[in-house]
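Working notes, beginning with the structure itself.
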Amino acid sequence: MPAKLNLHVHVKVNSGSGGVRIGELARRTGVSERALRYYEEQGLLSPRRLPSGYRAYREGDVAAVRRIRVLLAAGLNTARILEVLPCIVDDDGLLTPGCPELTEGLARERDRIDEAIGELAATRANLDRLIAGERRAD
DNA sequence: TTTCTAACA
DNA sequence: TGTTAGAA
């Protein structure tokens, strides 16, 4: 039998209400309200405002926040995420580079991390020697 | 009760 | 990012 690929096209658009408020979005994503407001400041989210001044998020923002978290966890800063987001393809939670140039850019981010790891490893080695009371050979 | 902005013992 | 004060 052919591979079973279940494509849940949850086209669940907004419920009739005015939108998701920050408290609920925070609960549903596990991200603090503080962080959600920060993402907005960085241009990563742009909820509309209710006459009360309260932020009204769209249902899709739940997934948007998850994407942001994945990217942050990958070491990208908010500025980088802002420019990279439009090239990201989200297949039900699976994020993949949508543009070829993005893949290259991310590979360089990885190299940058490798360098950092190398420097930390060297620093740790120096610390080990210091702890062991190793004496220089001169 | 919830959210908002602004600011930091 | 957390936390918090003061207001709506």
Side-chain angles (χ1 to χ4, degrees):
Chain A
M1 57 185 88
K4 36 187 171 181
L5 60 172
N6 14 21
L7 306 177
H8 311 180
V9 183
H10 9 132
V11 184
K12 292 184 179 179
V13 186
N14 305 12
S15 299
S17 70
V20 182
R21 269 151 327 128
I22 197 169
E24 188 184 329
L25 183 59
R27 282 188 299 88
R28 300 193 355 190
T29 60
V31 174
S32 70
E33 298 182 9
R34 175 73 163 81
L36 292 175
R37 296 191 183 101
Y38 177 66
Y39 298 160
E40 179 181 350
E41 260 183 34
Q42 303 307 297
L44 270 31
L45 294 174
S46 45
R48 34 176 267 275
R49 296 302 184 111
L50 268 33
S52 60
Y54 288 7
R55 270 163 268 250
Y57 295 93
R58 291 164 302 104
E59 283 297 323
D61 287 333
V62 173
V65 171
R66 291 183 177 142
R67 281 194 290 278
I68 292 172
R69 299 299 296 198
V70 169
L71 268 16
L72 284 172
L76 305 189
N77 58 37
T78 54
R80 183 66 172 130
I81 292 176
L82 184 58
E83 50 182 49
V84 139
L85 222 39
C87 291
I88 292 292
V89 175
D90 185 342
D91 303 305
D92 187 49
L94 176 62
L95 273 42
T96 56
C99 318
E101 57 271 37
L102 174 56
T103 304
E104 304 169 35
L106 293 179
R108 290 187 304 179
E109 305 256 9
R110 180 207 53 197
D111 294 339
R112 176 178 70 66
I113 290 177
D114 281 339
E115 284 188 44
I117 289 176
E119 293 174 355
L120 284 174
T123 298
R124 199 209 60 163
N126 287 330
L127 188 52
D128 280 341
R129 287 190 273 275
L130 184 59
I131 292 173
E134 183 174 299
R135 190 183 304 282
R136 276 294 209 174
D138 69 60

| remark: In B/S/- notation (B base, S sugar-phosphate only, - none; protein heavy atoms under 4.0 Å), nucleotides 1-8 of chain C written 5' to 3' is BBB-----

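When the P atom of B/dC4 is taken as reference, atom CG of A/L36 falls 10 Å away, rounded to whole Å.
For the residue pair A/R66 and A/R28, the shortest heavy atom distance occurs at NH2-O, 3.0 Å. The two residues A/A26 and A/S32 come nearest to each other via the heavy atoms CB-C, 4.4 Å. Nearest heavy atom pair, residue A/A64 against residue A/L45, reads CB-CD2, 4.2 Å.
The partner of C/dT1, taking Watson-Crick or G-U wobble pairs whose two distances both stay under 3.5 Å, does not exist in any strand shown.
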| query | Going through the distances and angles, do A/D61 and A/R58 end up as a salt bridge (charged side-chain N to carboxylate O under 4.0 Å, His left out)? | reply | CA-CA 5 Å; A/D61 287 333; A/R58 291 164 302 104; 3.0 Å; yes

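For A/R21 and B/dT2, the shortest distance from a side-chain N or O to OP1 or OP2 is not below 4.0 Å.
Looking at A/N126 and A/R129, their side chains do bring a donor and an acceptor atom within 3.5 Å of each other.
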